[in-house]
Amino acid sequence: MAPLWRLGLVLGGLLLLLAWLGSHAPIAADSGLPWIIVAALAVAFGLGAMAGAWHVGRESRSAARAYDAMTLAGQRMLTSGADYRIPLPPDPGMHPIVALLNSFADHRDAQVTRAADRDAQLALSRRLTGWMYWEQDAQGRYTRIECETEEQMLLARCLLGRARWECDGIQLGRSIAGAAANPSPDHDWLAHREQVARGKSFSEMVWSVPLDGTRRVFLVESGRPRQNREGEIIGYCGLIRDVGSALAAERATQNLMTALRVATEPTLLIEATEGSPGWRVRWVNAAACAILGRTDSEILAATPETLFGNDNRPCIDAIAQALVRGRKARIDAELADRYGQTRAASLRVDPVSPLTGLQPQAALSIDYFHAETARLREQAGAAHRLVAEQSARLHELEQASRELESFSYTVSHDLRAPLRVVDGFARILKEDFSASLDRIGHDHLNRILTAASRMNQMIDSLLSLARVSSQPIVPGPVDLSRMAQQIIDELRSQDPGRSVEILIAPSVVASGDRTLLRIVLENLLGNAWKYTGRADQALIEFDCQRQGAVVVYRVLDNGAGFDMRFADRLFGAFQRLHSPNDFPGTGVGLATVARIVQRHHGRVWAESSPGAGASFYFTLNESPES
């Protein structure tokens, strides 16, 4: 606008000059002077317009050069060029803008310097600590990882563009110590994915990822959500680093501590101190706590005199000397626990490599094995002698059993021969000389034949009892209800004229030898059938009931019963509580039952009263506690 203002002043001056000349000079009407004046004014106006246009163009070109200079400087500023400051333009009106831009340039230089210094510090920190900065998108995929080493770049190439659960990653724990002590592999990442979906931060998450085809890398990672201006979560950012060596060291440390704590040899870590007694306990394992009868906190707080007793003062001093000198030593002592019981022990001092500035340390091991070994050897000798005695006794029992079985067979065969002779000649006498014998003679012959038959039955029963005692047991499930029904059906077929009420509980199943258990039921149900022969309304029941952990089986009848005063004779061989004339039998059936039940690790007993029937109970496979 300055050139136009100047042009206006020039034109105004010219007009004023022409007006003054016109007012003082006389002009003829036909002289043509007015046209000359108009033409002069037009020429003057044109020259002023041309001069103004020239001035405007020059100022525009100057402003354009200033604007171009500022644009170029701004571009240099954006591209970090070295020379981007703008010189002052000719137009003073542009000076404040140029000064402001140069101030911005100075401020940017300071910011760039600080940023470069910070980047250098971060790069050094990442290189020394191994931490890498990362960013993820909303789907959990890595979009950016800052690397410093070739190993980190290899890991970044493995992770970029994928989420943790998409690169065969395995989550191991929430901390290095936890992952080393008790890793809990999680291939699905369900809990972590749920945590990320809720926008929660996480810290010290330990996981592993296959780096190449031969090895896996173990990582620890912490992160927090990233938000846009509207507060929406657009992803995560955080730090990650390789902790394979730290995890291995932590696991080795924990394994060492665990091994020391569970070591069978009692061990204390002792440290030298100033003054008497010269040492104290700094660490103790579980075996030493058990031997000394104190907790680890009690041992750490106790003095050597409290642990070993004042009577072991020479032993305490010897330990202090070995600790100070840094030499191994073995010391014999009598150690007492908190209850005053003393035991002979051998103490071994093994110095630990000292560190500069620290007191000497040593491992103090308590060896009770010398005395314990002698005691265990003595006990082992006694055990061997007992086993030998038991083996000899068992051999004697086996031999006695074989001799008893052989004796039973021998006796049965030796008895059968003369018995057959007596029975045969008695029958010959009865058949050939019956006409010559009177009633008394016939009665004597009948008695002889009956006694021979009964003797033959007793021999058969004796052989059956011997077989039951020696027959091997073949255990298995046995349906006692079905077996009892079969035995009752056989008894009904042998004596179809009797009317007996039978009550058999269903689904009574036991575990045992099927053949032997059938003999048990045959004897018990057979006796019930026999001794209810004179009852008006005979009743026989078979059932079971549980008493605690034991199942008790019962055979009940309402027959003749017996006197409980003679119950101790009930299960003996050839022992009878009724006359053969009232109820026939050999007296071996219940003895056979008792033997079979005993071989099945059970018990048998009876309850009865004369004329009120009897109840026989037995159990099978009872535990020793029962």
Side-chain angles (χ1 to χ4, degrees), residues 115 118-119 121-255 257-258:
R118 184 175 64 252
D119 290 342
Q121 293 175 3
L122 290 176
L124 179 61
S125 176
R126 289 197 299 265
R127 183 175 295 274
L128 294 179
T129 62
W131 286 106
M132 295 178 286
Y133 173 79
W134 57 264
E135 292 181 359
Q136 291 177 337
D137 58 15
Q139 287 73 36
R141 296 184 177 89
Y142 290 95
T143 58
R144 175 186 177 187
I145 299 178
E146 298 289 342
C147 305
E148 292 295 332
T149 63
E150 292 293 335
E151 189 78 9
Q152 292 176 350
M153 292 179 183
L154 181 61
L155 176 62
R157 287 194 294 270
C158 176
L159 297 181
L160 284 175
R162 296 194 293 175
R164 301 177 186 90
W165 46 87
E166 294 176 346
C167 54
D168 197 19
I170 302 175
Q171 186 178 3
L172 299 176
R174 298 290 183 178
S175 64
I176 296 177
N182 187 20
S184 53
D186 182 5
H187 296 265
D188 298 328
W189 298 82
L190 296 180
H192 177 70
R193 294 170 72 171
E194 181 179 358
Q195 181 182 10
V196 171
R198 294 198 306 266
K200 302 294 183 180
S201 301
F202 60 91
S203 62
E204 293 206 13
M205 180 183 67
V206 181
W207 64 291
S208 69
V209 62
L211 191 59
D212 47 37
T214 58
R215 63 192 177 101
R216 298 183 72 92
V217 60
F218 295 89
L219 308 170
V220 63
E221 190 171 11
S222 301
R224 67 176 185 180
R226 294 189 299 129
Q227 299 177 346
N228 57 15
R229 294 181 179 179
E230 289 75 18
E232 299 177 350
I233 296 177
I234 60 174
Y236 268 75
C237 63
L239 297 175
I240 187 172
R241 71 183 178 96
D242 184 359
V243 292
S245 57
L247 188 64
E250 180 68 21
R251 180 169 296 178
T253 301
Q254 292 183 0
N255 291 340
M257 297 303 294
T258 302

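Keep in mind that the numbers below use all heavy atoms, side chains included, and drop hydrogens, waters and symmetry copies.
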Flag, side chain of [X] to backbone of [Y], donor-acceptor distance under 3.5 Å:
X      : Y      : value
Arg215 : Leu211 : no
Glu232 : Asn228 : no
Ser203 : Ser222 : no
Gln171 : Pro185 : no

Determine whether [X] and [Y] make a side-chain contact, defined as any pair of heavy atoms from C-beta on separated by less than 4.5 Å.
X      : Y      : result
Asp242 : Leu155 : no
Arg164 : Met205 : yes
Arg241 : Val243 : yes
Ile170 : Arg216 : yes
Tyr133 : Arg144 : yes
Arg224 : Cys237 : yes

Interatomic spacing from [atom1] in [X] to [atom2] in [Y] - rounded to 0.5 Å:
X      : Y      : atom1 : atom2 : result
Leu159 : Ile145 : CG    : CD1   : 4.5 Å
Glu194 : Lys200 : CD    : NZ    : 11.0 Å
Met153 : Glu146 : CE    : CD    : 10.5 Å
Gln136 : Thr143 : CD    : OG1   : 7.5 Å
Tyr142 : Met132 : OH    : CE    : 9.0 Å

Taking all non-hydrogen atoms of both residues, which atom of [X] and which atom of [Y] are closest, and how far apart?
X      : Y      : answer
Leu190 : Asp186 : N-OD2, 3.8 Å
Gly161 : Arg141 : O-CD, 3.4 Å
Cys167 : Pro210 : O-CD, 3.5 Å
Glu204 : Val220 : CA-CG2, 3.6 Å
Trp134 : Leu239 : NE1-N, 3.1 Å
Val209 : Cys158 : CG2-SG, 4.2 Å

Name the one of Phe218, Trp165, Trp189 that satisfies ring pair (Phe, Tyr, Trp, His ring centres under 6.0 Å) with Trp207?
Trp189
